[in-house]
Protein chains: 2
Amino acid sequence: MPRAGLSTQAVVQAAVEVIDDDGVAALTLAAVAARCGVAAPSLYKHVSSLAELKTLLGVRVLNELADRFAAAAMGRSGADAITALMHAYRAYVMAHPARYAAMPVDPLHHPDLAAAGIRQLEVIQAALRPWQLDPADQIHTIRKLRVVAHGFASLESAGGFGLPEDLDETYRQLIATFLDSLPAHP
Amino acid sequence: MPRAGLSTQAVVQAAVEVIDDDGVAALTLAAVAARCGVAAPSLYKHVSSLAELKTLLGVRVLNELADRFAAAAMGRSGADAITALMHAYRAYVMAHPARYAAMPVDPLHHPDLAAAGIRQLEVIQAALRPWQLDPADQIHTIRKLRVVAHGFASLESAGGFGLPEDLDETYRQLIATFLDSLPAHP
DNA sequence: CCAAAAAGCTACTACCATTAGCCTTTGCCG
DNA sequence: CGGCAAAGGCTAATGGTAGTAGCTTTTTGG
């Protein structure tokens with residue numbers, strides 16, 4: 001019985017590979033165990049339940065997207081930074097649709113997910129700084145940005161748009177409309 | 001062994017009640033059978049599989065939302081009609097979040113769902129008629145409307161907005177921004 | 001070098017979808 | 001009105017799922 005050398009993060013990594021290959025519905029402990037070369041009950045040494053594995057997967061994916069956000073915003077400001085953020089969001093979702101489907105939509109309500117969710121928020125807040133919005137306006141603005149990015153990305157990744165062509169143009173118009181809705185900034 | 005008097009539509013109705021009560025994750029044949037007062041295998045006389053039941057549920061929900069759309073648009077035109085449609089969308093989702101979660105996002109790709117999906121589309125097309133958009137613009141415009149309505153409603157119904165207050169204002173702004181992005185009409 | 005913790009395993013339970021095959025009710029036709 | 005076939009229930013069984021219990025082996029730390 002040689003030891004497989006697993007760890008919690010290795011199990012999460014296997015879960016990512018399972019959903020990348022076969023979709024989020026194929027995420028079972030049996031599939032993860034098979035990929036790790038281990039019997040299913042052995043996973044309980046590293047993960048307390050399937051629900052916890054899904055939460056850990058959520059943390060992983062939230063952080064991955066926050067990294068993309070930070071990279072996209074770096075060295076840009078104003079409308080340029082916002083545009084880059086929104087394109088980074090869409091690019092991530094299309095590159096990893098199953099991971100996006102595994103990303104919880106309400107991270108702030110779960111203690112283990114909140115930190116990763118806040119990382120994303122902070123990047124957006126920083127990008128909006130040039131507009132010097134008052135706190136209430138800032139909340140509405142961040143919400144609207146999320147609505148546009150999440151709405152478009154979730155529809156696109158789920159095949160919700162009938163015709164595949166011209167989606168770049170639709171998204172470009174959405175970003176332009178969102179930017180137009182912001183007050184002028186110095 | 002008195003007969004329960006089931007039918008396919010009665011089974012779908014029981015499925016609606018199951019998800020309304022316990023969420024979309026609780027939709028199992030066992031739960032539906034219990035609500036019908038019947039053993040689980042008996043459902044196969046009316047429904048060929050759980051997957052088919054989910055499709056039928058999707059048809060039901062798509063048509064229900066299309067009905068709301070039609071009712072909201074009736075007797076209105078222009079920006080007034082669009083505003084009413086978008087509020088009807090949000091109101092339906094908040095009244096029946098589990099049904100919305102059971103609504104397929106890509107109905108046009110499934111033959112059994114396409115008709116119901118097209119009903120929704122036609123109501124939106126009719127509401128946009130005053131703008132006399134050319135076909136390409138019409139596609140982009142309908143997509144943008146869906147992005148805003150679906151993005152907001154799916155985030156709200158999933159608890160994706162941290163603070164509950166002022167959501168009416170956020171949605172109002174989104175609708176206003178969408179309407180501003182349309183060309184002026186006569 | 002040994003003891004204890006960590007990390008595997010098998011065996012088991014409970015629940016799920018689905019199939020097979022049986023039996024009773026229902027409705028139609030002679 | 002009788003009977004027969006179809007329809008709509010049922011139980012039993014299969015294979016897949018999450019999770020638990022308890023055992024064995026490996027690793028590690030004193």
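Chain identifiers are assigned alphabetically (A, B, ...) following the order of the sequence lines, protein sequences preceding nucleic acid strands; residue numbering begins at 1 within each chain. In this text the structure is predicted, and so the values were computed from the model without any measurement.
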Check B/Asp168 with B/Arg90, please: is the shortest side-chain N to carboxylate O separation under 4.0 Å? yes
Whole Å only: how far is the NZ atom of B/Lys54 from the P atom of C/dC16? 13 Å
Closest to the A/Ala30 side chain, choosing from D/dC10, C/dA17, D/dT17: D/dT17
Below 4.0 Å: OP1/OP2 of D/dA7 and any side-chain N or O of B/His46: no
Please say which of A/Tyr100, A/Phe152, A/Tyr171 ends up in a ring-ring contact (aromatic ring centres under 6.0 Å, His included) with A/Tyr89. A/Tyr100
Rounded to whole Å, how long is the line connecting atom CG of B/Leu6 with atom P of C/dT26? 14 Å
Looking across every strand, which nucleic acid part, if any, lies under 4.0 Å from B/Ala4 by heavy atom: base, sugar-phosphate, or nothing? sugar-phosphate
Grab the NZ-P distance between B/Lys45 and C/dT25 for me, whole Å please. 15 Å
Looking at D/dC10, I'd like to know if its phosphate oxygens (OP1 or OP2) sit under 4.0 Å from a side-chain N or O belonging to B/Ser42. yes
Specify the closest pair of heavy atoms between A/Ala66 and A/Gln120, including all atoms of both residues, with the distance to one decimal. CB-CG, 3.7 Å
Between A/Ala98 and A/Ile19, the two heavy atoms sitting closest are CB-O, 3.2 Å
Between B/Arg172 and B/Glu169, is a salt bridge (Lys or Arg N to Asp or Glu O under 4.0 Å) present by the stated rule, with each step listed? CA-CA 5 Å; B/Arg172 199 194 59 70; B/Glu169 171 61 16; 3.0 Å; yes
Just by modelled atom types, is the B/Pro183 backbone N or O under 3.5 Å from a matching donor or acceptor in the B/Trp131 side chain? yes
Take atom CZ of A/Arg3 and atom C1' of C/dA7, then tell me their distance rounded to the nearest Å. 4 Å
Could you state the atom-to-atom distance from CG of B/Leu53 to C1' of C/dC16 in whole Å? 14 Å
Give the rounded distance in Å between these two atoms: CG of A/Leu43 and P of C/dA6. 18 Å
Protein-nucleotides 19-21 of chain D N/O pairs under 3.5 Å:
residue, atom, partner, partner atom, Å
D/dG19, OP2, A/Tyr44, OH, 3.0
D/dG19, OP2, A/Leu50, N, 2.7
D/dG19, O5', A/Tyr44, OH, 3.1

